[in-house]
Each structure stands twice: as structure tokens, then as C-alpha cells.
Amino acid sequence: NAGVTQTPKFQVLKTGQSMTLQCAQDMNHEYMSWYRQDPGMGLRLIHYSVGAGITDQGEVPNGYNVSRSTTEDFPLRLLSAAPSQTSVYFCASSYSTLGANYGYTFGSGTRLTVV
Amino acid sequence: DAKTTQPPSMDCAEGRAANLPCNHSTISGNEYVYWYRQIHSQGPQYIIHGLKNNETNEMASLIITEDRKSSTLILPHATLRDTAVYYCIVSPRGTGANSKLTFGKGITLSVRP
């Protein structure tokens with residue numbers, strides 16, 4: 001049971017490049033989400049998904065796309081990276097059914113620098 | 001608008017109890033109080049949550065006032081490894097769409113030897 005796995009752990013991009021941050025969980029969690037964390041700030045929600053085929057925007061969705069084709073995977077795509085997207089990105093998952101929501105499990109993060 | 005208010009920092013001696021306060025005066029009847037912590041840029045870790053009764057697990061205890069406007073997270077015997085940022089969050093429990101967690105800046109707990 002690996003929990004939530006994020007890859008890569010570190011990435012440097014040039015402005016305008018695209019990339020996909022990967023997130024996979026093996027706990028059969030329905031709910032998955034992406035957060036970003038900037039220095040000295042709390043986590044801000046980017047996108048979330050309540051199940052395969054269903055996604056929605058969070059607090060700061062601009063510049064990011066997501067899809068959820070399987071229960072296990074929830075990739076985050078940056079289509080044209082900007083320096084403002086330099087941040088640490090965390091993926092999280094949880095059960096979503098009533099009575100089973102005992103907290104989110106977070107991945108270890110992807111540290112992204114856009115130059 | 002912030003739903004919770006936490007002091008920015010506090011410290012305690014190793015081996016002593018750490019009592020972390022949180023105010024949530026506008027909490028709704030269907031909202032739970034959650035606590036997470038983040039150790040040195042790792043991913044946040046779930047600690048405990050509660051509605052109105054006091055809760056205890058292997059990590060901590062959660063004391064919620066009768067009017068539910070404030071709560072206290074208690075680490076009964078703090079260790080150096082408990083040094084972290086602790087987030088108090090209020091959120092409805094249930095389906096993911098309604099239970100999005102909004103993280104503030106949290107409280108930085110420093111455990112001193």
C-alpha cells in the first residue's frame with residue numbers, strides 16, 4: 001500500500017514549456033485534489049475530482065488542466081508554464097462517502113521551478 | 001474570509017503537553033473541525049477531527065467547546081518530531097465536493113529540548 005505517489009519530486013521548466021505532474025493512489029479513494037503551496041502561505045486548492053470522469057475547479061485553477069480517466073490517477077497539466085507557477089504542488093485523496101471521510105492522504109509533493 | 005483563527009506560533013518543552021488553540025466562531029452546524037500538520041515541507045498529515053464531542057486517537061486529543069466556537073488540539077507528550085505547522089480547518093464532512101479543505105497559515109509549534 002503506497003498511499004499517494006507524486007512524480008516527479010523536483011522539476012525545472014522554462015517559461016512556456018508544458019508538463020504533467022503525476023498523482024496516483026492505491027487506496028480506491030473516490031476524491032482526489034491538487035493543491036499548491038507558496039512560501040509562507042497555506043495550501044490553495046487548484047482542481048479536484050469526486051470520481052472518475054468528474055472534475056471541478058478550486059480556488060486557483062487558471063493555467064492548469066486536469067482529467068480523471070481512472071480512479072487511481074489524477075494528473076495535473078501545465079500547458080504553458082509561467083514563473084508565477086513556481087510552487088510546491090501536493091496531491092491528496094480521500095474517501096468521499098458519508099461516514100468514511102476520515103481525512104485526506106497527501107503525497108510528498110512536487111517542487112516546481114519555472115525560469 | 002478565514003473560517004478559523006490561530007496564533008502564528010507557540011512553543012513547548014519536550015515531554016510536556018502542547019495545547020494548540022483555534023477559534024472558529026462562525027462554524028455551521030454541519031461543519032466538522034479538522035486538524036492537520038505539516039512537518040518541514042512534507043505533505044500535510046491528518047491528525048484528528050470532531051463535530052461536538054471530544055475526540056482522542058493515538059496522535060492527539062481534540063477538545064471542542066460546548067458552543068463549538070473554539071477548540072484545542074492537545075499533544076499529550078510533545079517530542080521534537082512534533083515540531084511542525086498545525087492547521088485547524090472547518091469543513092462539512094461527506095462528499096468531496098462539499099468537503100474541500102481550506103488551509104490557512106496555521107500555527108507553528110516549536111518543541112524545545
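In what follows, every heavy atom counts, from backbone to side chain, and hydrogens, waters and symmetry copies are set aside. Keep in mind it's a predicted model, so treat the numbers as computed, not measured. Sequence lines set the chain letters: A, B, ... in the order given, protein chains first and strands last, and positions in each chain run from 1.
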Hydrophobic clustering (ILVMFWY, side-chain heavy atoms < 4.5 Å, transitive) - are [Y] and [X] grouped together?
{"X": "Val85(B)", "Y": "Ile74(B)", "value": "no"}
{"X": "Tyr46(B)", "Y": "Ile89(B)", "value": "yes"}
{"X": "Tyr86(B)", "Y": "Ile64(B)", "value": "yes"}
{"X": "Met32(A)", "Y": "Val60(A)", "value": "yes"}
{"X": "Tyr89(A)", "Y": "Tyr48(A)", "value": "no"}

Problem set entry | Donor-acceptor contact below 3.5 Å, side chain Tyr104(A) vs main chain Tyr36(B) | no
Under 4.5 Å from any heavy atom of chain B, what part of [X] do you find: side chain, backbone, both or neither?
{"X": "Gln6(A)", "answer": "neither"}
{"X": "Arg44(A)", "answer": "neither"}
{"X": "Leu45(A)", "answer": "side chain"}

Seminar exercise, completed: By residue number, those in residues 104-113 of chain B with heavy atoms under 4.5 Å from heavy atoms of chain A are Gly104(B), Lys105(B)
Which heavy atom of [X] sits nearest to which heavy atom of [Y], and what is that distance?
{"X": "Phe106(A)", "Y": "Phe103(B)", "value": "CZ-CZ, 3.7 Å"}
{"X": "Gly43(B)", "Y": "Phe90(A)", "value": "CA-CE2, 3.3 Å"}
{"X": "Arg111(A)", "Y": "Gln42(B)", "value": "NH2-N, 4.4 Å"}

